[in-house]
Amino acid sequence: MADREKQAGAVLTIDLGALSRNYRLLRSLAAGAQCGAAVKADAYGLGAIPVAQALAAEGCRHFFVAHLDEGIALRPHLPADADIFVLHGPLPDAEPEFIEHHLIPVLNSAAQVAGWRQAARVAGRHLPAVVQVDTGMSRLGLSRMEVGNWLDNPDFLRGIELRFLMSHLACAERQEHPMNGAQLEAFHALRRILPRSRASFANSSGIFLGPEYHFDLVRPGAALYGIAPIDGAPNPMAPVVTLQAKVIQTRVIERGECVGYGATYRAAGQRRIATIAAGYADGWLRSLSGRGYALAGDVRVPVVGNVSMDTFALDVTEVPPERMHAGAFVDLISAAQPVDEVAAQAGTIAYEILTSLGGRYHREYVDEQPAAQVREAFELNI
Ligand SMILES: *Cc1c(COP(=O)(O)O)cnc(C)c1O
């Protein structure tokens with residue numbers, strides 16, 4: 001057993017081969033468009049650098065982060081011809097940082113556009129940007145009134161090279177939702193009156209709404225990481241994440257005895273309880289208390305009592321005791337219990353499960369391709 005594995009209380013395995021297969025599937029579904037990748041929030045908790053490098057090796061050249069800091073951290077690890085777009089755009093006075101680190105802002109308001117125009121004037125050259133327009137989500141992007149200002153002002157984009165006009169879907173995972181068609185129509189209406197440009201509209205789920213949603217660049221995140229893109233339909237994506245945690249100890253409790261903080265679980269009869277080395281500090285959410293499951297081999301075992309910071313308890317009465325020795329692994333996220341299922345148990349969405357995964361896990365990156373080969377392919381592109 002490798003030292004790392006001996007030391008680990010829990011192991012998070014990220015399958016970069018599955019990630020690459022998911023990228024290829026999404027790219028083929030959006031064949032008329034370029035396929036970018038949302039790698040914000042540390043690639044949804046999976047590690048922005050290894051994830052982005054694996055995608056770059058597949059040919060991805062459009063990467064989306066949310067914060068400026070994320071872009072600065074990622075820039076040195078990607079080929080020079082890969083674009084990194086910062087979804088939040090420049091907050092006041094941050095424009096020079098974008099220029100210095102070769103980051104492309106998504107401009108979300110007339111004020112951000114004005115700041116970038118001014119930065120271009122100071123730099124004495126055109127600067128690239130994406131402009132986002134709001135089509136109904138009321139989160140980021142130019143409002144209808146700001147679009148009006150744009151139409152009235154021929155100098156609105158002076159000095160700005162408009163790479164893409166962009167908008168974002170609010171309900172794309174629900175294919176029947178009327179918001180999808182309404183937002184698509186609003187986006188078309190804006191494109192008809194605004195200067196001609198390439199366009200970007202679809203996230204993961206948007207890709208599955210069909211080609212009329214693809215435009216020139218799609219921006220999947222969740223589906224790359226194995227999250228189901230369509231509500232209520234089978235998941236076509238390959239699972240990327242496996243999370244396993246070790247048994248610390250087991251005990252037998254008798255009828256009437258309690259488990260965990262708050263004594264919320266009381267045994268109705270004799271039970272065997274295993275204490276597991278992961279807790280809410282690791283992103284095994286407290287809302288899984290008394291609701292979640294793990295897999296001990298192929299036996300599905302329930303979480304009992306409240307999840308603690310560093311541990312939680314499983315009722316392993318149905319598992320042969322010799323299989324539940326200290327150091328034995330149980331599976332928390334696996335092909336048999338995908339991240340979407342854990343999210344449903346926790347009363348949240350799979351995005352929150354992945355982005356909550358803590359920093360204490362031993363992380364293993366695996367790939368059908370040897371790592372050296374991936375690195376070589378990437379270096380050739382620099
Ligand atoms: C996060 C995000 C994406 C990716 O969305 P997924 O649902 O994870 O595919 C795309 N575009 C924008 C603007 C985002 O914020």
Side-chain angles (χ1 to χ4, degrees), residues 19-40 43-44 51-52 55-56 58-66 81-85 87 104 106-108 128-137 139-142 161-238 351:
L19 171 80
S20 298
R21 289 200 296 285
N22 287 340
Y23 179 76
R24 293 196 289 267
L25 173 61
L26 295 168
R27 186 175 56 193
S28 71
L29 286 170
Q34 287 179 291
C35 189
V39 294
K40 61 196 182 186
Y44 294 38
V51 163
L55 295 173
E58 289 296 325
C60 182
R61 287 297 177 274
H62 300 80
F63 295 91
F64 290 83
V65 295
D81 68 346
D83 288 332
I84 301 177
F85 302 94
L87 290 164
I104 302 179
V106 175
L107 303 174
N108 295 299
V130 170
V131 172
Q132 178 159 214
V133 287
D134 181 40
T135 51
M137 191 173 176
R139 183 176 73 164
L140 293 169
L142 303 193
E161 178 203 337
L162 180 57
R163 289 283 182 87
F164 296 96
L165 188 74
M166 174 183 139
S167 195
H168 190 52
L169 288 159
C171 306
E173 70 285 354
R174 294 167 62 189
Q175 298 205 315
E176 305 308 318
H177 203 292
M179 274 296 278
N180 298 324
Q183 287 194 269
L184 181 63
E185 191 37 57
F187 194 50
H188 277 305
L190 288 166
R191 292 194 75 213
R192 280 195 289 271
I193 56 176
L194 288 169
R196 250 181 102 80
S197 67
R198 304 175 77 218
S200 179
F201 194 56
N203 64 341
S204 300
S205 300
I207 293 172
F208 290 84
L209 292 174
E212 66 272 33
Y213 285 81
H214 296 166
F215 294 90
D216 301 296
L217 171 68
V218 296
R219 313 182 303 270
L224 289 171
Y225 312 122
I227 294 177
I230 308 171
D231 255 19
N235 186 358
M237 311 314 299
Y351 294 69

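This is a predicted model, so every value here is computed, not measured. In this chain, residues are counted from 1 in sequence order.
- In this structure, Y23 contributes its side chain and A37 its backbone to no donor-acceptor pair below 3.5 Å.
- Residues A223 and P229 approach most closely at CB-CB, 4.4 Å, considering heavy atoms.
- Closest of all the heavy-atom pairs between G36 and P220 is O-CD, 3.2 Å.
- Scanning all heavy atoms of the two residues, the minimum distance from S20 to E58 falls at CB-OE2, 3.4 Å.
- The distance from atom CZ of R219 to atom CG of L87, rounded to the nearest 0.5 Å, is 7.5 Å.
- Taking the six-membered ring for Trp and the full ring otherwise, F187 and F215 have centroids separated by under 6.0 Å.
- Counting only distance, with no hydrogens or angles, the side chain of N22 and the backbone of A238 share a donor-acceptor pair below 3.5 Å.
- Smallest separation of non-hydrogen atoms from S204 and G221: OG-N, 3.1 Å.
- Considering only heavy atoms from C-beta on, Y225 comes within 4.5 Å of V51 through its side chain.
- A salt bridge between R192 and E185 is present, with a side-chain N of the basic residue lying under 4.0 Å from a carboxylate O of the acidic one.
- The closest donor-acceptor contact from the side chain of S200 to the backbone of M166 lies at 3.5 Å or more, if one exists at all.
- Among all heavy-atom pairs drawn from A52 and V39, the shortest one is CB-CG1, 4.5 Å.
- Judged by distance alone, the side chain of R139 and the main-chain N or O of H168 form no donor-acceptor pair under 3.5 Å.
- Using cut-offs of 30° and 60° for the angle between ring planes, the F164 and H62 rings count as perpendicular.
- Considering L209, I207, T135 as possible partners of F201, the one that fulfils the side chain to side chain contact (heavy atoms under 4.5 Å, CB included) test is T135.
- When the options V106, I104, V131, L217 are evaluated for a side chain to side chain contact (heavy atoms under 4.5 Å, CB included) with R163, the one that passes is I104.
- Looking only at distances, a side-chain donor or acceptor of R61 sits under 3.5 Å from a matching main-chain atom of A56.
- In this structure, CG in L107 is found 8.0 Å from CG in L142, a value given to the nearest 0.5 Å.
- Minimum heavy-atom separation, M237 to G226: CB-CA, 4.0 Å.
- Looking at D134, its side chain does come within 3.5 Å of a backbone N or O of M137 through a donor-acceptor pair.
- A distance-only check finds a donor-acceptor pair linking the side chain of Q175 to the backbone of F208 [under 3.5 Å].
- Under the 4.5 Å side-chain criterion, counting only non-hydrogen atoms from C-beta, N180 is in contact with C171.
- Within the model, atoms CZ of R191 and CZ of R196 stand 8.0 Å from one another, a figure rounded to the nearest 0.5 Å.
- Note that SG of C35 is 5.5 Å distant from CG of L26, once rounded to the nearest 0.5 Å.
- Under the 3.5 Å distance criterion, the side-chain polar atoms of N203 are left unmatched by any main-chain donor or acceptor of E173.
- In this structure, CG on L55 lies 10.5 Å from CZ on R24, to the nearest 0.5 angstrom.
- Looking only at distances, a side-chain donor or acceptor of Q183 sits under 3.5 Å from a matching main-chain atom of A170.
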